[in-house]
2 protein chains.
Amino acid sequence: MPRKLSTLDPQRLDNQICFAVYSAAHAFNRVYKPLLDRLGLTYPQYLVMLVLWERDDVPVKDIGERLFLDSGTLTPLLKRLEAAHLVKRTRSSEDERQVLIALTAQGHALKEKARSVPQSILAASDCSVSELVTMKDEIVALRDRLNAVIGE
Amino acid sequence: MPRKLSTLDPQRLDNQICFAVYSAAHAFNRVYKPLLDRLGLTYPQYLVMLVLWERDDVPVKDIGERLFLDSGTLTPLLKRLEAAHLVKRTRSSEDERQVLIALTAQGHALKEKARSVPQSILAASDCSVSELVTMKDEIVALRDRLNAVIGE
DNA sequence: TCACATTTAATTGTTCGCAATTGAATAAGC
DNA sequence: GCTTATTCAATTGCGAACAATTAAATGTGA
């Protein structure tokens with residue numbers, strides 16, 4: 001019965017990359033919170049707005065593929081954005097199964113107010129841009145490998 | 001009015017490390033799901049069990065500090081673990097404000113059944129151990145810098 | 001045309017995650 | 001002893017996140 005060295009024990013919390021990622025995601029969320037409160041957005045709502053600022057008038061499905069989220073998450077979230085007058089939901093006339101999401105004037109305008117958010121996050125990261133880009137690319141590559149396993 | 005190159009635009013979704021972390025956390029969760037279903041645990045419940053397998057008979061507060069979660073999250077989660085007969089919640093006699101969490105025999109036994117989980121995750125990551133350790137350390141360092149900003 | 005599969009959103013129910021509040025227990029100072 | 005502040009857990013309410021189901025629209029093949 002070998003006594004495992006805790007620094008190598010794969011069952012130890014601090015040795016798990018998934019917990020590192022999980023807890024880092026929460027840390028990001030907490031840093032974003034006060035910034036996004038001023039915009040009246042939650043972090044997932046902010047992600048949806050980022051997608052729409054790149055291109056709007058898109059079906060819910062497209063937003064979900066971009067963010068890896070399903071309609072069970074997006075439908076109520078989008079209804080809240082609609083209630084906040086940031087987006088408009090319209091059923092497509094070409095394919096009535098689709099609901100198209102378009103920005104309102106307010107939704108477009110919010111992009112300017114949100115312009116300072118990324119640099120605030122960068123400052124909080126206390127890290128060079130190039131280091132962050134490298135890490136981001138590594139994490140994305142890991143995420144894509146994980147997602148590949150899920151679809152078998 | 002300069003047209004920003006999208007590969008440099010900080011407001012672009014794919015340029016944001018936080019989205020990389022956020023989406024990687026979800027990807028991990030999806031990989032864990034089938035593995036943890038067999039143990040009857042969710043991922044946050046699994047994290048709590050990891051903490052308790054290292055040391056149990058600890059107050060809720062300690063678990064929260066380890067996982068960066070508060071009692072609003074942990075109280076109902078621990079009640080579900082208690083309902084599953086994996087932990088016992090007892091109010092401390094020394095300080096009656098504290099609730100001590102101890103593993104049951106079933107809770108201890110589950111550690112063996114969970115032993116194969118980390119290696120399944122490693123396989124899904126499709127990545128060398130040393131690469132993962134390096135990434136983990138970088139992500140933890142980033143997380144800790146973010147958490148440092150939150151407390152001002 | 002008709003039957004059947006596929007696509008797409010919406011809905012329902014369970015679990016996290018956190019802010020804000022409540023309430024109880026403890027500690028500190030007078 | 002009394003007041004006050006602090007600590008800690010529980011509670012409440014809201015917003016994700018996802019599985020599973022439902023329902024409608026579309027496409028396909030016989």
Side-chain angles (χ1 to χ4, degrees), chain A residues 18-19 22-34 36-37 39-49 58-65 67-84 86-87 89-101 147 150, chain B residues 19 22-34 36-37 39-49 58-65 67-84 87 89-101 147 150:
Chain A
C18 45
F19 175 62
Y22 172 88
S23 54
H26 288 319
F28 267 119
N29 209 336
R30 285 180 212 114
V31 173
Y32 269 104
K33 182 124 202 343
L36 296 181
D37 277 351
L39 305 177
L41 296 174
T42 65
Y43 181 65
Q45 289 170 5
Y46 173 67
L47 291 180
V48 169
M49 294 302 286
V58 292
V60 174
K61 185 90 189 302
D62 288 17
I63 300 173
E65 282 175 1
L67 299 178
F68 308 99
L69 296 173
D70 69 6
S71 71
T73 301
L74 288 176
T75 296
L77 187 156
L78 289 167
K79 285 183 177 176
R80 283 187 282 270
L81 288 181
E82 187 175 43
L86 295 173
V87 307
R89 297 161 64 250
T90 344
R91 201 161 280 277
S92 166
S93 54
E94 291 173 13
D95 184 341
E96 300 230 346
R97 293 168 302 181
Q98 297 187 354
V99 170
L100 298 177
I101 308 298
N147 277 332
I150 294 163
Chain B
F19 175 61
Y22 171 89
S23 55
H26 288 318
F28 266 120
N29 209 337
R30 285 181 212 115
V31 173
Y32 268 103
K33 182 125 204 339
L36 296 181
D37 277 351
L39 305 177
L41 295 174
T42 64
Y43 181 67
Q45 289 170 5
Y46 173 67
L47 291 179
V48 169
M49 294 302 286
V58 292
V60 175
K61 186 89 188 303
D62 288 17
I63 299 173
E65 282 175 1
L67 300 178
F68 306 98
L69 296 173
D70 70 4
S71 71
T73 302
L74 289 174
T75 297
L77 186 157
L78 289 166
K79 285 184 177 175
R80 284 187 281 270
L81 288 180
E82 188 176 42
V87 307
R89 297 161 65 249
T90 347
R91 201 162 278 277
S92 167
S93 53
E94 291 171 13
D95 183 343
E96 300 229 345
R97 292 168 303 181
Q98 297 187 356
V99 171
L100 297 176
I101 308 299
N147 277 331
I150 294 163

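Predicted model only: the values in this text are computed from it and were never measured. Protein chains get the first letters and strands the later ones, always in sequence-line order, with residue 1 at the start of each.
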Quick check for you: to the nearest 0.5 Å, what is the distance between [X] atom [atom1] and [Y] atom [atom2]?
| X | Y | atom1 | atom2 | result |
| --- | --- | --- | --- | --- |
| Tyr46(B) | Leu41(B) | OH | CG | 9.0 Å |
| Phe28(A) | Asn147(B) | CZ | CG | 10.5 Å |
| Phe19(A) | Phe68(B) | CZ | CZ | 5.5 Å |

Just jot down the side-chain hydrogen bond (donor to acceptor under 3.5 Å, both in side chains) partners of Asp95(A), sequence neighbours excluded, or say none. Arg97(A)
5′-ward residue of the pair Ser93(A)/Leu74(B) relative to DNA chain D: Leu74(B)
Write down the distance between NZ (Lys79(A)) and P (dA9(C)), rounded to a whole number of angstrom. 13 Å
Gln98(B) has an atom CD; how far is it from atom C1' of dT26(C), in whole Å? 11 Å
Looking only at non-hydrogen atoms, find the nearest pair between [X] and [Y] and report the distance.
| X | Y | value |
| --- | --- | --- |
| Gly40(B) | Gln45(B) | O-OE1, 3.9 Å |
| Ala25(B) | Tyr22(A) | CB-CA, 4.4 Å |
| Ile150(A) | Ala27(B) | CD1-O, 3.9 Å |

Could you give the start and end, 5' to 3', of the contact zone on DNA chain D for chain A, using atoms under 4.0 Å from its heavy atoms? dG15(D) to dT26(D)
Flag, side chain of Asp70(B) to backbone of Thr73(B), donor-acceptor distance under 3.5 Å: yes
Expected rows: protein N/O vs nucleotides 13-18 of chain C N/O, under 3.5 Å:
unit_1	atom_1	unit_2	atom_2	d
dC16(C)	OP1	Thr42(B)	OG1	2.5
dC16(C)	OP1	Gln45(B)	NE2	3.2
dC16(C)	OP2	Arg80(B)	NE	2.7
dC16(C)	OP2	Arg80(B)	NH2	2.3
dG17(C)	OP1	Tyr22(A)	OH	2.7
dG17(C)	OP1	His26(A)	NE2	3.3
dG17(C)	OP2	Tyr22(A)	OH	2.4
dC18(C)	OP1	Arg30(A)	NE	3.2
dC18(C)	OP1	Arg30(A)	NH2	2.9
dC18(C)	N4	Gly72(B)	O	3.4

Can you tell me which residue among Ile63(A), Leu67(A), Thr42(A) is in a side-chain contact (heavy atoms from CB on, under 4.5 Å) with Leu47(A)? Leu67(A)
Report, one line per pair, each donor and acceptor closer than 3.5 Å where one atom sits in a side chain of residues 74-81 of chain A; sequence neighbours left out.
unit_1	atom_1	unit_2	atom_2	d
Thr75(A)	OG1	Ser71(A)	O	3.0

Give the angle between the helix axes at the two ends of the helix from dT1(C)-dA30(D) to dC30(C)-dG1(D), taking five base pairs at each end and rounding to 10°. 10°
Could you list all N or O pairs between the protein and nucleotides 27-29 of chain C that sit under 3.5 Å apart?
none

Evaluate side-chain contact (heavy atoms from CB on, under 4.5 Å) for Ile101(A) paired with Glu82(A), printing each intermediate quantity in order. CA-CA 9 Å; Ile101(A) 308 298; Glu82(A) 187 175 43; over 6 Å; no
